[in-house]
Amino acid sequence: MSRKKRGPLRVILSAVALLIAAAVIFAAIAAYLALQDNIEDKYTLTQRDEGIAMEILKGGAVGKEFELSQDMINTFANDKLCKEPDGSSSCLDKLMVYFSEDAPAEIYAHVYYKGHPLAVRCKAMYDIDESTSEVSAKIYDAYVGELKLPDTILDLLLQKIFENNEHIHCINSGGNNISFHADYTFDIRNTNGITVRLLSAETKDGAVLCRTNNITGEALKAAVEYITSEEGSEAVKGLFGKIGDKLGELRDKLTG
């Protein structure tokens, strides 16, 4: 009788052992795939273009559409969003976004998750709220290394990476969405500055066609604030003093 009882028990133990072995093998394969990095050339910024501020300023001044190149956007994104990892923290280290006409943006990144370096790639579709200049992006088709991420894991990864990022925020909707405010403030001494806000953006091959608020009125207001400030008043007096000196020299030459 005891031998007969041992038979089913052995079958159960064997099945459990096989399940544990399968789980271990699956975890090992998943870890191996996740740690692969075959996209270093994709997430590494090699061509810097720091002219984005001037292009935005010129576009805002005329109030018409203007084009920002892929290099400009990626230079700005790396300077503003990426940072060096600190110990076992989670952060975004390197980032490249590739734009194509009539297609989702492709994002390649190097991130640190609890101190572990990971190569990440995904696609994104975005929408802009013209009233607030808030850009919402839905992240999907994401991979860590060569391992495709389920949406639930992707959502957790996004929240962890951007939990201390002052520019990008995760939208707690479970839809793998992030958001950020697309505005830029030009600092002018003794004024509140001039803020340019993104109103619309259309992707092209290797560039984005943008439209911002018209800053002509803001620029004039900032100029008035500067001129009426103590420093601005002194500067204006000095300017008129120099003009008066030049006029005096010209008068002396004409009457001499």
Side-chain angles (χ1 to χ4, degrees), residues 34 37 39 42-45 52 56 68 70-86 88-100 102-145 147-185 195-204 206-212:
D37 186 352
I39 57 171
K42 288 284 192 177
Y43 62 63
T44 302
L45 178 66
I52 191 170
I56 292 174
L68 297 179
Q70 194 166 267
D71 290 336
M72 287 181 183
I73 294 172
N74 282 316
T75 299
F76 181 80
N78 274 265
D79 290 345
K80 292 292 184 181
L81 304 179
C82 299
K83 64 179 182 178
E84 292 292 328
D86 180 18
S88 61
S89 63
S90 300
C91 69
L92 179 64
D93 178 37
K94 296 179 182 179
L95 173 68
M96 287 289 289
V97 184
Y98 296 89
F99 300 101
S100 300
D102 300 325
E106 295 184 2
I107 302 174
Y108 295 83
H110 188 254
V111 305
Y112 280 83
Y113 181 71
K114 295 184 178 180
H116 300 290
L118 299 171
V120 177
R121 70 183 192 271
C122 62
K123 294 180 180 179
M125 298 182 66
Y126 68 89
D127 183 55
I128 301 173
D129 186 338
E130 185 172 326
S131 63
T132 62
S133 295
E134 183 174 10
V135 179
S136 300
K138 179 176 178 59
I139 308 299
Y140 68 100
D141 196 19
Y143 286 79
V144 171
L147 179 67
K148 184 172 176 60
L149 289 181
D151 287 344
T152 52
I153 302 300
L154 173 59
D155 191 52
L156 291 174
L157 181 62
L158 290 173
Q159 291 184 39
K160 191 64 178 179
I161 291 172
F162 295 117
E163 65 179 351
N164 296 318
N165 194 300
E166 61 179 316
H167 301 287
I168 295 182
H169 308 282
C170 290
I171 302 174
N172 295 322
S173 62
N176 303 321
N177 295 317
I178 60 174
S179 69
F180 58 92
H181 286 286
D183 52 33
Y184 191 92
T185 299
T195 300
V196 181
R197 296 181 294 102
L198 183 65
L199 301 181
S200 66
E202 179 183 349
T203 55
K204 300 175 61 178
V208 178
L209 194 62
C210 303
R211 182 173 63 86
T212 69

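For Ile139 against Ala124, the heavy-atom pair with the smallest separation is CD1-CB, 3.8 Å. Scanning both residues, Tyr98 and Gln70, for their nearest heavy atoms gives CA-OE1, 3.3 Å. Considering every non-hydrogen atom in both Thr203 and Ser100, the closest pair reads OG1-O, 3.2 Å. Nearest heavy-atom pair across Asn74 and Val97 is OD1-N, 2.8 Å. Minimum interatomic distance between Pro85 and Asp93 (heavy atoms only, all atoms of both residues): CD-OD1, 4.1 Å. Across every non-hydrogen atom of Cys122 and Tyr140, the tightest pair is CB-O, 3.6 Å.
Using modelled atom types, no side-chain atom of Tyr184 and backbone atom of Ile52 make a donor-acceptor pair closer than 3.5 Å. A donor-acceptor pair under 3.5 Å is formed between the side chain of Asn78 and the backbone N or O of Leu95.
The six-membered or imidazole ring of Tyr112 lies near that of His110, with a centre-to-centre distance under 6.0 Å.
Contact annotation: the side chain of Glu84 never approaches that of Asp86 to less than 4.5 Å [non-hydrogen atoms, C-beta and beyond]. The closest side-chain heavy-atom distance from Arg211 to Glu130 is below 4.5 Å. Side-chain contact check for Tyr43 versus Asp37: some heavy-atom pair is nearer than 4.5 Å. Residues Thr44 and Met96 have side chains not in contact (no heavy-atom distance under 4.5 Å, counting atoms from C-beta outward).
Rounding to the nearest 0.5 angstrom, the gap separating the CD1 atom in Ile178 from the CD1 atom in Ile168 is 5.0 Å. The line from NE2 of His169 to CG of Asn177 is 14.5 Å long, rounded to the nearest 0.5 Å. In this structure, the separation between CG on Leu198 and OG on Ser133 is 6.0 Å, given to the nearest 0.5 Å.
Under 4.0 Å is where a charged nitrogen must lie from a carboxylate oxygen, and between Asp141 and Arg121 no such pair does.
Residues Ser136 and Ser179 bring no donor and acceptor atom of their side chains to less than 3.5 Å of each other.
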